[in-house]
Amino acid sequence: MKLLYFASLRQKIGLPEEDVDVPAYVRNVADLIDWLMTRGPGYEAAFENRKLIRAAIDQEHAKLDALLGSPKEVAFFPPVTGG
Amino acid sequence: MKLLYFASLRQKIGLPEEDVDVPAYVRNVADLIDWLMTRGPGYEAAFENRKLIRAAIDQEHAKLDALLGSPKEVAFFPPVTGG
Amino acid sequence: MNRVQTEDFDINDEIAALTEGRSDIGAVVSFTGLVRDVTLTLEHYAGMTERELSKLEADANARWQLQGVTIIHRIGTLHPADNIVLVVTASKHRKDAFEAAEFLMDYLKTRAPFWKREGDEWVEAKDSDDTAAERWK
Amino acid sequence: MNRVQTEDFDINDEIAALTEGRSDIGAVVSFTGLVRDVTLTLEHYAGMTERELSKLEADANARWQLQGVTIIHRIGTLHPADNIVLVVTASKHRKDAFEAAEFLMDYLKTRAPFWKREGDEWVEAKDSDDTAAERWK
């Protein structure tokens, strides 16, 4: 699964994107976050405050309980600040 | 007293402005309209539908019951249509 | 700043006049009113118009936090697609800029002494303009 | 029409692109967002941004009677008084043009994947933007 990180999340994780093999129990966005947080302190810091995490599955906004399916890409980012 | 007429009122009355001596009983805008309507069919046509008459005393919007005082000019016109 | 003129206006120039040399403006809203399909002649009550437009500006400045306001209204004969009116508002925040511009247009449509003629027919005022202006009371 | 670009935009040109050659447009609203006081770097999620901006346009067209919509958002490093974002709406009537422009800005601020950095600090999202977007539900 291709993961993308933007803004402060990219800085904390230290990567703009990566390919990962996720365990079978990872069904929705929240599961994915839980699993990513086991991967090291950068991930822990990035996903610490879940209120400030936004996700997109295949470039569509997705809630924490959204099922992942078989996406081409999943992105994580903080609340947007454009405009 | 100097009177000004705009738009459809000017066309019906046939004058852009005129100086008039008004009788003593003319105290407010409605009195002035009543008196003007006695001055001929053009005035009658102009002031026929009072709902569609707007007035200004010395360039300030004025209601029909506004006292005239001693104005420099009183203007009559239909509802505005700029913008 | 407000003006009544026969000439056209340039939106870029008018925005630049409000914003140039400052960095405290976060939001600029412009409203342009254009002639649709017909040829119009616009007349106004010179003197009262300028007073009303100045009052509108003062009212908007009292109600919203604005860094600048411009109102330009054209008079004379205007053709399809010609500009009629321009309102520009500049503010720190977009809410103030948007609301002030809408307020100015609603009030201008119901209080500024302009009248449109289409050929020999005077354009009639719309009730919807009165309703729009009511909401700011 | 929507674009993401590093270059500046020209408001006159963008309005002309919507209005030129037509006489069915009575109202054009432009909103320009500008950088205040600081130097900002804007990044975005290429691909998703364009999808979100297209969706915003489609939503606005479904909700209001519009003759045209333009959204342009800049990315890269921007300095005080630089333009950040432009929204232009064209309609027969001013109410549609105003409301659609406000809607587009409120939604853009809460849904389009752009992030501002000021030096090393990421700008935090404002609750007031969420509140503003809520009113269109």
Side-chain angles (χ1 to χ4, degrees), chain A residues 1-20 28-30 32-33 36-37 41-83, chain D residues 2 4 31-36 38 40-56 71-76 78 83-87 101-130 132-133:
Chain A
M1 189 179 292
K2 185 180 175 185
L3 303 181
L4 296 104
Y5 309 115
F6 290 94
S8 53
L9 271 73
R10 185 190 65 242
Q11 281 190 318
K12 285 174 186 161
I13 293 168
L15 289 170
E17 58 179 85
E18 61 181 325
D19 275 296
V20 292
N28 65 23
V29 176
L32 182 54
I33 292 174
L36 285 167
M37 286 182 83
Y43 293 91
E44 252 179 273
F47 292 106
E48 197 176 23
N49 186 348
R50 213 157 286 203
K51 274 192 188 160
L52 297 180
I53 304 298
R54 300 289 180 272
I57 302 175
D58 287 339
Q59 306 189 346
E60 305 270 354
H61 287 287
K63 300 211 162 148
L64 291 186
D65 62 0
L67 291 175
L68 293 170
S70 312
K72 281 196 201 137
E73 64 190 44
V74 177
F76 290 103
F77 42 82
V80 304
T81 56
Chain D
N2 65 73
V4 178
F31 175 89
T32 315
L34 301 98
V35 182
R36 285 191 303 158
V38 295
L40 292 174
T41 302
L42 268 138
E43 75 169 57
H44 78 128
Y45 180 178
M48 180 169 173
T49 307
E50 290 76 5
R51 290 167 80 110
E52 284 296 321
L53 296 185
S54 296
K55 269 193 234 170
L56 291 191
I71 308 173
I72 302 174
H73 204 298
R74 294 179 71 190
I75 50 171
L78 301 174
N83 291 324
I84 306 174
V85 63
L86 176 69
V87 161
E102 286 192 76
F103 164 85
L104 287 167
M105 281 309 304
D106 286 345
Y107 265 57
L108 195 148
K109 287 244 173 203
T110 51
R111 297 191 61 85
F114 291 95
W115 300 275
K116 289 192 186 107
R117 183 162 46 81
E118 199 185 314
D120 288 335
E121 289 288 302
W122 293 94
V123 172
E124 281 183 31
K126 283 184 286 187
D127 289 340
S128 60
D129 287 330
D130 288 325

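Throughout, a chain's letter reflects where its sequence line sits, starting with A, and its residues are numbered from 1.
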Inter-residue atom distance D/Asp129.CG - A/Thr81.OG1, 0.5 Å rounding: 9.5 Å
Selection from D/His73, D/Lys116, D/Glu124 maximising heavy-atom pairs under 4.5 Å formed with chain A: D/Lys116
D/Glu43 side, atom CD; A/Arg10 side, atom CZ - distance, nearest 0.5 Å: 4.0 Å
Side-chain donor or acceptor of D/Trp115 paired with backbone N/O of A/Phe6 under 3.5 Å: no
Proximal component of D/Lys126, with respect to chain A [non-hydrogen, under 4.5 Å]: neither
Ring geometry between D/Tyr45 and A/Phe77 (parallel below 30°, tilted from 30 to 60°, perpendicular above 60°): perpendicular
Euclidean distance, D/Trp122 CH2 relative to A/Leu52 CG, rounded to 0.5 Å: 14.5 Å
A/Glu60 portion near chain D, given a 4.5 angstrom heavy-atom threshold: both
Pairwise distance NE2(A/His61) to CZ(D/Arg51) - rounded to 0.5 angstrom: 11.0 Å
Heavy atoms from other residues, nucleotides or ligands near CG of A/Asp19 exceed 12 (cutoff 6.0 Å): yes
Under 4.5 Å from a heavy atom of chain D, the part of A/Leu4 involved: side chain
Chain A interface, residue from D/Arg111, D/Met105, D/Arg117, D/Glu52 that has the most non-hydrogen pairs under 4.5 Å: D/Arg111
Considering all heavy atoms, the nearest A/Val80-D/Ala125 contact: O-CB, 3.8 Å
Value rounded to 0.5 Å, distance of CG in D/Asp120 from CD in A/Gln11: 7.0 Å
